[in-house]
Amino acid sequence: MAKKIKLDAKYRYNQGSGRRKKMLIALLILLVLLFLNSFVFSIREVVVTGNEVVSAEEIQEELGLTEGMNMFHFLIGSVFQKMDLNPRIETVDIYVHWPNSLEIQVKERTVVGYVAYMGMYLCLDETGYVVDSTHYLDEDMPVITGVNVQSFTLGEPLNTESVSLSQTIMDVCGALQKYGIASTVVRVDLTQTSDIRLYTERLDVRCGGEEDLDSKVQALARILEETPDAEGILHLEDLEGQIYLEKPI
């Protein structure tokens, strides 16, 4: 008579042990998820810094951030969701202070000039992006005239008749910012880029073409500092030749 080998009990034991391990892992995962979703990780404090134009409330709303929401839900959503932020905002950095606080550091775009367009003004930042449109001059920045604007979209580069003209706008605005006279020059006329004109309250500044534009603006800044009461037509067309002031009659 053959000897019976008992394998059933061992087989049943191994099979049951495997099921228990899976159930234990599932239970641990469930407990972790419940813990992570608990009120322990609810957002209770939000600090927004770096914003001047855009309100903290608007920034939080655009980020989809509400008080009391779960920290992990917000962080996961901010990774996979495309944020439609105000064009005035350049960057947003989020810092987590566990378990309940968030710090949102905002960098806003700086307006360096206004482009006159169909009865309103397009606000440009230092990179040539249109960050806003307005009917009022809220900041002491030059108004740029003589520019044929093809179209504009907030948060996108200004669409002019040529790429070179867009670059000239940025060159002029950048130089005015660089030498600290952006608030003094009230208008920039780019009707002809071969005859760029800058206007202050007292001066009609003839810059000629785009060559040596930075040096011409630097010279203007020096003249404004040394002779703030100067009035008339200031000729800066040829820096290597003669710089002179044509007095009004």
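Count residues from 1 along the sequence.
For S151, the side chain to side chain contact (heavy atoms under 4.5 Å, CB included) partners are N159, not counting sequence neighbours. For K107, the side chain to side chain contact (heavy atoms under 4.5 Å, CB included) partners at least two apart in sequence or on another chain are E90, T91. I243 pairs by the side chain to side chain contact (heavy atoms under 4.5 Å, CB included) definition with I223, L234, L236, L239, not counting sequence neighbours. In this structure E231 satisfies the salt bridge (charged side-chain N to carboxylate O under 4.0 Å, His left out) test together with R202, sequence neighbours excluded. The side chain to side chain contact (heavy atoms under 4.5 Å, CB included) check on S162 picks up S164, L165, with sequence neighbours excluded.
Across every non-hydrogen atom of N51 and A56, the tightest pair is ND2-N, 3.5 Å. Scanning all heavy atoms of the two residues, the minimum distance from E201 to V186 falls at OE2-CG1, 3.7 Å. Nearest approach of F74 to L63, heavy atoms of both residues: CE1-O, 3.6 Å. Heavy-atom minimum distance, Q150 versus T160: CG-O, 3.5 Å.
Criterion: ILVMFWY side-chain heavy atoms under 4.5 Å apart, direct or through other members. Under it, M69 and M71 are part of a common hydrophobic cluster. Tracing side-chain contacts under 4.5 Å through hydrophobic residues (I, L, V, M, F, W, Y), one never reaches M141 starting from L220; they form parts of separate clusters. Linking Ile, Leu, Val, Met, Phe, Trp and Tyr residues whenever their side-chain heavy atoms come within less than 4.5 Å leaves V149 and V131 in two separate clusters. V111 and L190 fall into different hydrophobic clusters, defined by Ile, Leu, Val, Met, Phe, Trp and Tyr side-chain heavy atoms under 4.5 Å apart, directly or through other members. Put simply, I196 and V143 are part of two different groups of oily side chains (I, L, V, M, F, W, Y) that touch within less than 4.5 Å, one to the next.
Put simply, the side chain of E45 does not reach to within 4.5 Å of the side chain of N100, judged on heavy atoms. At least one side-chain heavy atom of Y114 sits under 4.5 Å from a side-chain heavy atom of C123. At a threshold of 4.5 Å between non-hydrogen side-chain atoms, the residues T200 and V185 count as touching. Using a 4.5 Å heavy-atom threshold, the side chains of V130 and L124 count as touching. Within the 4.5 Å cutoff, the side chain of C207 has heavy atoms near those of the L198 side chain.
No side-chain donor-acceptor contact under 3.5 Å links K216 to the backbone of R206. A donor-acceptor distance shorter than 3.5 angstrom exists from the side chain of E108 to the backbone of E52, with no hydrogens or angles considered. With hydrogens and angles disregarded, no donor-acceptor distance shorter than 3.5 Å links the side chain of E103 to the backbone of H97.
At most 12 heavy atoms of other shown residues, nucleotides or ligands fall within 6.0 angstrom of atom CD in E240. Heavy-atom contacts from other residues, nucleotides or ligands closer than 6.0 Å to CD of E61 number 12 or fewer.
Below 30°, between 30° and 60°, or above 60°: for Y244 and H235 the angle between ring planes is below 30°, a parallel geometry.
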Going through the checks in order, is the side-chain contact (heavy atoms from CB on, under 4.5 Å) test met by V96 and L102? CA-CA 5 Å; V96 180; L102 282 176; 3.7 Å; yes
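Taking CG from L224 and CG from D229, the interatomic distance works out to 11.0 Å, rounded to the nearest 0.5 Å. Here the CD atom belonging to Q105 is positioned 6.0 Å from the CG atom belonging to D93, to the nearest 0.5 angstrom. To the nearest 0.5 Å, the span separating CG on L213 from CG on L176 amounts to 8.0 Å.
A donor and an acceptor atom, one from each side chain of D171 and Q167, are located under 3.5 Å apart.
The stretch residues 129-149 participates, sequence neighbours left out, in these side-chain hydrogen bond (donor to acceptor under 3.5 Å, both in side chains) pairs: T145-R187.
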